[in-house]
Amino acid sequence: DAKTTQPTSMDCAEGRAANLPCNHSTISGNEYVYWYRQIHSQGPQYIIHGLKNNETNEMASLIITEDRKSSTLILPHATLRDTAVYYCIVSSIQGAQKLVFGQGTRLTINP
Amino acid sequence: EAGVVQSPRYKIIEKKQPVAFWCNPISGHNTLYWYLQNLGQGPELLIRYENEEAVDDSQLPKDRFSAERLKGVDSTLKIQPAELGDSAVYLCASSLGGASNTGELFFGEGSRLTVL
């Protein structure tokens with residue numbers, strides 16, 4: 001599976017949009033981009049995934065560049081409860097049965 | 001609907017003692033995973049079950065770790081004997097298997113093990 005690169009940490013003000021970048025320059029044509037987050041003392045939580053089109057759900061939006069080498073997770077109106085470690089993972093659907101988590105981005109939402 | 005349930009949440013043991021963790025996946029989920037998470041790191045897969053069959057246990061240290069999923073529902077992860085380096089959080093996850101798989105895993109809250 002392709003490797004991802006994420007910033008170690010980010011800060012965002014409460015109520016503003018949080019934009020979390022992820023680079024995945026070696027992504028293959030059949031690989032999806034998955035985002036999970038992990039709030040302190042909890043297990044990881046699925047957020048969203050996409051192949052090449054932008055995706056939106058009740059939690060976030062996923063913007064994937066046209067060349068698919070990078071993506072951005074957008075939390076449109078960040079709240080204090082969004083403070084967590086955010087993991088960007090690239091995997092095929094078949095390989096998604098063995099998701100490989102990196103170290104992620106520690107996002108801190110400040111009041 | 002109940003999520004993935006794990007127990008115990010916390011366990012403190014002396015080194016060389018045995019320990020066991022239990023996981024009850026979401027009803028109807030055929031795939032069950034055990035992950036290990038060290039402090040400050042992302043989770044690492046230990047073993048994956050499809051129903052009662054362990055289909056990927058390549059990362060499970062088989063000299064001291066064992067797992068089972070009898071009847072393809074609940075699962076138990078055991079460590080015997082425990083070592084200091086086994087102190088970590090053990091996460092269980094489940095997902096729809098086979099053709100229904102979308103890569104969306106549902107995790108439990110984890111079992112935090114401290115080995116003294």
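Numbers restart at 1 for each chain; the letters A, B, ... are given by sequence-line order, proteins then strands. Quick caveat, the model's predicted, so the values are computed rather than measured.
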- Query: Is it true that atom CG of B:L84 has more than 12 heavy atoms of other residues, nucleotides or ligands lying nearer than 6.0 Å?
  - Reply: yes
- Query: What closest approach, in Å, do A:Y87 and B:Q37 show between heavy atoms, and which atom pair accounts for it?
  - Reply: OH-NE2, 3.4 Å
- Query: Are A:W35 and A:I109 linked, directly or through other ILVMFWY residues, by side chains that come within less than 4.5 angstrom of each other?
  - Reply: yes
- Query: Shared ILVMFWY cluster between B:L46 and B:V89, side chains joined below 4.5 angstrom?
  - Reply: no
- Note on the structure: Between the CD atom in B:E44 and the CG atom in A:L99, the distance rounded to the nearest 0.5 Å is 13.5 Å
- Rounded distance [0.5 Å steps], CD in B:E104 versus OH in A:Y34: 9.5 Å
- Message: Please say yes or no: joined through hydrophobic side-chain contacts below 4.5 Å, possibly via intermediate residues, are A:I74 and A:I64 part of one cluster?
- Response: no
- Message: Surrounding CZ of B:R9 (heavy atoms of other residues, nucleotides or ligands, distance under 6.0 Å), is the total greater than 12?
- Response: yes
- Query: Which pair of heavy atoms, one from A:G43 and one from B:L91, lies closest together, and at what distance?
  - Reply: CA-CD2, 3.9 Å
- Is it the backbone or the side chain of A:Y32 that comes under 4.5 Å from a heavy atom of chain B, or both, or neither? neither
- Should we say atom NZ of B:K71 is surrounded by more than 12 heavy atoms from elsewhere, each under 6.0 Å from it? no
- Determine the option with the most heavy-atom pairs under 4.5 angstrom with chain B, choosing from A:P44, A:S41, A:G104. A:P44
- Query: So B:L105 and A:Y36, side chain to side chain contact (heavy atoms under 4.5 Å, CB included) or not? Walk me through it.
  - Reply: CA-CA 9 Å; B:L105 276 59; A:Y36 279 74; 3.5 Å; yes
- Structural part of B:S58 lying under 4.5 Å from a heavy atom of chain A: side chain
